[in-house]
A.B. asks: 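Right, I'll just put the structure down here and ask away after.
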Amino acid sequence: MASIINGKEIGQQIRQSIADRVVKLKEQGVTAGLAVILVGDNPASQTYVRNKQKSCEAIGIYSELIKLPEETKEEELLEHIKTLNNRQDIHGILVQLPLPKHINEDNVIATISPDKDVDGFSPISVGKMMLGQDTFLPCTPFGVMKLLEFSGVELAGKHAVIVGRSHIVGKPMGQLLLQKDATVTYTHSKTKDLPSFTKQADILIAAVGRANFITSEHVKPDAVVIDVGINRDENNKLVGDVDFTDVEPIASHITPVPGGVGPMTITMLLYNTVQSAENTLQQDK
Ligand code: GUN
């Protein structure tokens with residue numbers, strides 16, 4: 001029987017401390033502000049954006065939604081970002097991905113000022129993260145690190161195996177674990193004999209985007225299993241990348257879906273936004 005890592009509860013604890021920082025900022029005359037840009041009407045993106053806005057409002061962060069039609073030209077989107085870069089009341093800028101195909105995501109992300117890149121996706125943020133310098137960390141892997149910390153999972157010398165190599169989760173996840181002295185192995189869709197790698201994991205991070213893909217066949221007894229996936233199964237039920245019923249009996253710790261990693265992503269977005277607002281006060285000194 002694994003210990004269930006409760007992301008909802010841990011996220012709530014962290015949100016409480018962020019809310020305290022929001023109050024302190026207000027006492028110093030600063031309302032932390034996040035701008036979210038949504039292009040087109042992808043239903044999943046609309047839900048994510050709505051949740052981000054609700055979470056901001058719940059803890060007193062100002063949130064502004066800029067909703068643009070699907071056919072928006074890249075140049076126009078870049079102009080919106082440049083305006084937000086210069087606004088003093090906006091401390092974080094998030095462009096919801098994916099963008100329509102005619103827009104170059106790399107150009108868009110690179111236009112966000114690194115000082116306001118609360119997603120941690122810009123080349124400057126990623127470079128700083130690689131070098132272990134102070135920067136905004138991408139919210140999902142940052143949230144996983146908090147889950148591991150709050151659950152008392154030791155990382156130094158442990159073998160962490162990542163399944164998935166996306167820019168948003170897999171790649172940065174490995175870096176953050178490496179910085180805490182884990183030994184890191186990356187696996188992906190072209191990896192041959194995946195279970196031979198995942199079976200070696202003390203800490204297994206599933207970020208593949210395939211429902212119930214990781215089964216007990218992939219997991220070493222007493223491993224810590226972190227499920228980053230959010231998928232719908234054949235009955236339209238929300239499930240992770242890990243077959244929870246199959247894996248839970250052999251893991252030492254496991255995150256559920258929903259209620260594991262999911263709530264942490266928005267929590268760390270709030271964290272980064274408040275950090276950014278606090279940074280402006282430091283700069284004024
Ligand atoms: N689309 C899916 N996840 C994310 C995220 O964390 N940030 C942004 N901007 N878009 C996403």
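Order of appearance sets the numbers: ligands from 1, and atoms from 1 within every ligand.
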A.B. asks: Name all pairs fulfilling the ring-ring contact (aromatic ring centres under 6.0 Å, His included) condition that reach into residues 137-178, sequence neighbours left out, sorted by first residue then second.
C.D. replies: Phe142-Tyr271

A.B. asks: Walk me through whether Asp41 and Gln46 qualify under side-chain hydrogen bond (donor to acceptor under 3.5 Å, both in side chains).
C.D. replies: CA-CA 7 Å; Asp41 24 51; Gln46 285 179 331; 5.1 Å; no

A.B. asks: Would you confirm whether Asp243, through its side chain, and Ile214, through its main-chain N or O, come within 3.5 Å as a donor-acceptor pair?
C.D. replies: no

A.B. asks: Sequence neighbours excluded, which residues qualify as side chain to side chain donor-acceptor pair (under 3.5 Å) partners of Asp233?
C.D. replies: none

A.B. asks: Counting only heavy atoms from other residues, nucleotides and ligands, does the tally under 6.0 Å from NZ of Lys128 exceed 12?
C.D. replies: no

A.B. asks: With ring-ring contact (aromatic ring centres under 6.0 Å, His included) as the rule and sequence neighbours excluded, what pairs involving residues 192-232 come up?
C.D. replies: Phe213-His218

A.B. asks: Show the distances, to 0.1 Å, for all pairs joining an N/O atom of ligand 1 and a protein N/O atom that are shorter than 3.5 Å, listing one pair per line.
C.D. replies:
{"unit_1": "ligand 1", "atom_1": "1 (N)", "unit_2": "Gln96", "atom_2": "NE2", "d": "3.2"}
{"unit_1": "ligand 1", "atom_1": "1 (N)", "unit_2": "Leu97", "atom_2": "O", "d": "2.9"}
{"unit_1": "ligand 1", "atom_1": "7 (N)", "unit_2": "Asp119", "atom_2": "OD1", "d": "3.2"}
{"unit_1": "ligand 1", "atom_1": "7 (N)", "unit_2": "Asp119", "atom_2": "OD2", "d": "3.2"}
{"unit_1": "ligand 1", "atom_1": "9 (N)", "unit_2": "Val95", "atom_2": "O", "d": "2.8"}
{"unit_1": "ligand 1", "atom_1": "9 (N)", "unit_2": "Asp119", "atom_2": "OD2", "d": "2.6"}
{"unit_1": "ligand 1", "atom_1": "10 (N)", "unit_2": "Leu97", "atom_2": "N", "d": "3.0"}

